[in-house]
Amino acid sequence: MPELPEVEVVRRGLEQWVAGRTVATVEVYHPRAVRRHLEGADHFVQAVTGRTLAAAHRRGKYLWLPLAEPDGTPSGRALVAHLGMSGQLLVEKPSAPDETHLRARFTFADGGRELRFVDQRTFGGLAVEELPRGGGAGGAVAEEIPPRLTHIAIDPLDRAFDVGSFSAALRRRRTEVKRALLDQTLIGGVGNIYADESLWRARLHGARPTDKLTGAQVADLLEGIRDVLGESLAQGGTSFDSLYVDVNGQSGYFSRHLAVYGQADRPCPRCGTAIRRESFMNRSSYSCPACQPRPRTRRTSSAPRPRREA
């Protein structure tokens, strides 16, 4: 599943190549590509055709581009995209051959490169959704977020990220710290890869109880999250196969710098101990046994304690 760096790389590509352009035609080749648009494929085509795509936004792993009317006024709606496990938004020359798993195509009034939605496993999708209207305090314009994305927390690279609120919320969860990091209502954009990498940097095992974390440990964890996300962004994200690419079809190279994720039995970059793989929520977790010791579990035996002899 693409995580924050991979989706942010795509957002930046859309901002560069697509934002500000007017859609001339839309073709939907597979109904699952627009299954999240409840009014159907025909309505989706009508809602986007002739509209201008505004600046590209991201919340967690979702992308959206507000739509403007032909006269330039905001339409109050946005094109929303989720890449799922294998979705790609590619910017291609019109003469480029169609991809095998092409699901939707957008051409533009300027006749330049077109936008293609390619999705091998069809878990991703596109939709047009209403945007909330209204201003913020003092007449400021509030950020317009599609309503069904508002439950997703902002990510730690966002300037509005509140460190104090995150720390308090994390320690209130009373769960394992890795489970908490994967909760998109607590922190946006972090998935299995970057959770493991961040925990390694903070020297924490994923099973460590959140309510037992110290303030210093939370600070180290947040620093690790920010560092690993930033470094991955600089490398174009993590690509394990041809499914994870930017809008130009280029792979990211952060997989070459992963410390623990996918590195089972290889030496820890910090201490040399063999990295371990453990089952976790129908997937895998990776950690260093020496740097990230598993927390001790309390004995829960109900047997009575033996009496001391007088």
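Every heavy atom of this structure was used, including side-chain atoms; hydrogens, water molecules and symmetry mates were not. Owing to the predicted nature of the structure, the values given are computational and were not obtained by experimental measurement.
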NZ or CZ of Arg12 within 45° of Trp17 ring axis and under 6.0 Å: no
Glu39 side-chain N/O to Phe44 backbone N/O, donor-acceptor pair under 3.5 Å: no
Least distance between heavy atoms, Pro146 atom then Val80 atom: CG-CG2, 3.8 Å
Point-to-point distance, once rounded to the nearest 0.5 Å, from CD1 of Ile154 to CD1 of Ile187: 9.5 Å
From CA spacing to verdict: salt bridge (Lys or Arg N to Asp or Glu O under 4.0 Å), Arg32, Asp119: CA-CA 10 Å; Arg32 282 184 60 81; Asp119 192 0; over 6 Å; no
Distance, nearest 0.5 Å, that separates CG of Leu221 from CG of Leu181: 5.5 Å
Short side-chain to backbone donor-acceptor contact, Arg208 and Gly206, under 3.5 Å: no
Other residues, nucleotides, ligands: >12 heavy atoms within 6.0 Å of Asp110 CG: yes
Interatomic distance, Leu204 atom CG to Asp220 atom CG [nearest 0.5 angstrom]: 7.5 Å
Sole candidate of Phe280, Trp200, Tyr194, Tyr261 that passes ring pair (Phe, Tyr, Trp, His ring centres under 6.0 Å) when paired with Tyr286: Tyr261
For Ile152 against Gly188, the heavy-atom pair lying closest together: CG2-CA, 4.4 Å
Polar side-chain atom of Ser86 near backbone of Arg121 as donor-acceptor pair, under 3.5 Å: yes
Gln184 side-chain N/O to Gly189 backbone N/O, donor-acceptor pair under 3.5 Å: yes
Closest non-hydrogen atom pair between Leu126 and Ala104, with its separation: CD1-CB, 4.1 Å
Under 3.5 Å: donor-acceptor pair, side chain of Ser75, backbone of Leu67: yes
Verdict with reasoning, Glu92 to Arg113, per salt bridge (Lys or Arg N to Asp or Glu O under 4.0 Å): CA-CA 5 Å; Glu92 298 277 15; Arg113 292 174 180 256; 5.5 Å; no
Spacing of CZ belonging to Arg148 relative to CZ belonging to Arg59, to within rounding of 0.5 Å: 14.0 Å
Main-chain N/O of Val118 paired to His101 side chain as donor or acceptor, under 3.5 Å: no
Distance-only polar pair, side chains of Arg276 and Ser287, donor-acceptor under 3.5 Å: yes
Geometric class of the His57/Trp64 ring pair [parallel <30°, tilted 30-60°, perpendicular >60°]: parallel
Axial cation check for Phe117 ring with Arg103, 6.0 Å and 45° limits: no
Distance-minimising heavy-atom pair for Ala19 and Ala54: CB-O, 3.5 Å
Closest heavy-atom pair and its distance - Arg35, Thr122: NH1-O, 3.3 Å
Donor-acceptor contact present, side-chain Glu231 to main-chain Val228, <3.5 Å: no
Other residues, nucleotides, ligands: >12 heavy atoms within 6.0 Å of Arg283 CZ: yes
Single-linkage hydrophobic cluster, 4.5 Å side-chain cutoff, Leu186 and Met281 together: no
Donor-acceptor side-chain pairing of Thr210 and Thr175 below 3.5 angstrom: no
CZ on Arg105 to OH on Tyr29, rounded to 0.5 Å: 3.5 Å
Asp71, CG atom: more than 12 neighbouring heavy atoms under 6.0 Å: yes
Which atom of Lys61 lies closest to which atom of Val190, heavy atoms considered: NZ-O, 4.3 Å
Value rounded to 0.5 Å, distance of OG in Ser285 from CD in Glu176: 9.0 Å
